[in-house]
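Atoms within a ligand are numbered from 1 in the order they appear, just like the ligands themselves.
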Amino acid sequence: MATDLTARFLDALSQSDGPILSTDAFPSIPSTEIKSALDRLKSREMVVYEAIDKEEAILTAEAEGVAANGSPEAKVFEAVQTALQGLKITDLPKAVGKENASIGQGKALKAGWITKDKDLLRAKAKSITDTSREQLQTIQNTRTFPDPKVLSDLKKRKLVKMQKVISYKFSKGPKFAKEFVKEETDLTADMLASGTWSTVKFKPYNFKSLGAPTMSGALHPLNKVRHEFRQIFFEMGFEEMPTNRYVETGFWNFDALFVPQQHPARDQQDTFFISDPPYADTPRADPQETQHLPNRSLSESTTNKASTLDYKQYWNNVKEVHQNGKYGSIGYRYPYSEHESLKLVLRTHTTAISTYMLHRLAANPRPARYFSIDRVFRNESVDATHLAEFHQVEGVIADYGLTLGGLIGFMEVFFAKMGIHKLRFKPAYNPYTEPSMEIFGFHEGLDKWVEIGNSGMFRPEMLEPMGLPKDMRVYGWGLSLERPTMIKYVHNLSSPAEVTNKLCRYAVKNIRELLGHKVDLNFVESNPAVRLEKD
Ligand code: PHE
């Protein structure tokens, strides 16, 4: 037991003048036990010690036999010497054993101890020294041999093996005492009452020890990434859009965005439809409509309500532009269904909100920057990189005289703030933007281009029915929050240096580890704040 050991060590030290080598004084005790006992003594400065790694020689089973009974050559000599008339070679195995006979005969001859006379062996030396046996006995007692050449020779003959041993050399420390005094950890009422408080030894505080982790709530990694994105938007002068409406009408999710009513995205396969109730009421006037925006800080909500475009007019403009064409557009020319506009859906993109906010902006047109980060829903089959609900980061900029070059330039600044410096734009198609561009970013860690977002300039067919001025242009873009989280999130940091390490990436390979019922709460709890690699 460790406690016994500490007492034995202290005892040994009190009787010795110099340091003690554990392998000499306590050869049979395992080194792990020795170390833990020494550590206990060391923490109280009662001993000091150092570990010594060394190699020891030990005998093989065969060598142990030699050390105990003599070498084969010595045995052969003895047998030959006792046969006064000489020993027949054929009788040697019977006298000393087969093994000893075959090895020992040659060696005894070579050493000049015996001679061969036809089929007879005769003794030549009067007496011999069995050096092999003596060498092995020395090794057995000292675990080493003074002449390294002899040792390596014995190793080659497989009589000796080397083995690593840790030995501890310990001596008295500054607070050495013969006894291991129990140190108190707490001052008790009894000690105060009896007065022993003044004589007992207290264990010193360990100010370096880590406290026990306390149970507490934790922010989900996605929330932390969302926070970073919000900071970027605020830095760039954006206002946050109210996203508290998961259920939208077909009108705000699709029609107002000039998405034709036959568009495949409006299919059951891509969109979740609400079954109860399946339809919204017919549109009402403005005061009702603004009720779901309780905490808006967006300035136009209070100042210019009066000049908001009449909702009926907007409703009709949208129908017109789809069905017959308007504002210089030939439209889609299909019979537009107002009933379809009222269908309730789980919003498939936050662009439904951007659209709503742009229509509000039309009441008082002026340059504006809006963003939102919230949940959207798509009826997709779930796999490692797709979820039926995810978060969209969305931004819109409205201003006069905006150009596509300006959108590209803005994207470069925006994504640089997330640490993505190389961008490529690929022409794409959205019913509500023209031109449209998919945005690709070069992922240094994966060493390839990955799609990071979708963008474009909103079409006049979307903006003009709202009443926005003809010369006002609006950019928009959207990306998922999950993707940058999966690649950027800093996982299990072990040093502050890692935070700044550009290649530090989040290990989430499956999106379901990030969102949904499979998320491991430990993972949420143990993750530090996110760092987007900002300049
Ligand atoms: N709504 C688009 C999407 O879901 C993103 C987008 C927003 C594209 C605004 C262009 C303009 O991918």
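- Heavy atoms only, all atoms of each residue included: V376 and Q392 are closest at CG1-OE1, 3.6 Å.
- When the heavy-atom distances from atom 10 (C) of ligand 1 to S436, S455, G395 are ranked, the shortest goes to S455.
- Under 4.0 Å is where a charged nitrogen must lie from a carboxylate oxygen, and between E464 and K326 no such pair does.
- Taking every heavy atom of R378 and a limit of under 4.0 angstrom, the matching atoms of ligand 1 come to 3 (C), 4 (O).
- In summary, K319 and E338 engage in a salt bridge, as defined by a charged side-chain N under 4.0 Å from a carboxylate O.
- Listed by number with element, the atoms of ligand 1 under 4.0 Å from a non-hydrogen atom of F458 are 9 (C), 11 (C).
- With respect to atom 3 (C) of ligand 1, the closest heavy atom belonging to the protein is Q392 NE2, 3.5 Å.
- Scanning the protein for heavy atoms near atom 12 (O) of ligand 1, the closest one is N454 ND2, 3.4 Å.
- At least one cation-pi condition fails for R360 and Y370: the charged atom is not both under 6.0 angstrom from the six-membered ring centre and inside a 45 degree cone around its axis.
- In terms of polar-atom proximity, T433 is not counted as a contact of ligand 1, lacking any N or O under 3.5 Å from an N or O of the ligand.
- Taking a cut-off of under 4.0 Å to the non-hydrogen atoms of G476, the atoms of ligand 1 that pass are 9 (C), 10 (C), 11 (C).
- Electrostatic pairing of R424 and E412 does not count as a salt bridge here, judged by no charged N lying under 4.0 Å from a carboxylate O.
- For the pair Y432 and ligand 1, a heavy-atom separation below 4.0 Å is found.
- At the top of the distance list for atom 7 (C) of ligand 1, counting protein heavy atoms only, stands T351 OG1, 3.5 Å.
- Between R375 and E389 a salt bridge is recorded (basic side-chain N to carboxylate O distance below 4.0 Å).
- Taking only nitrogen or oxygen atoms, main chain and side chain alike, W477 does not reach within less than 3.5 Å of ligand 1.
- The six-membered or imidazole ring of F258 lies near that of H322, with a centre-to-centre distance under 6.0 Å.
- Heavy-atom proximity to H349, at under 4.0 Å, picks out these atoms of ligand 1: 1 (N), 4 (O).
- Note that K42 lies in the cation-pi zone of Y49, set by a 6.0 Å cut-off to the ring centre and a 45° limit from the axis.
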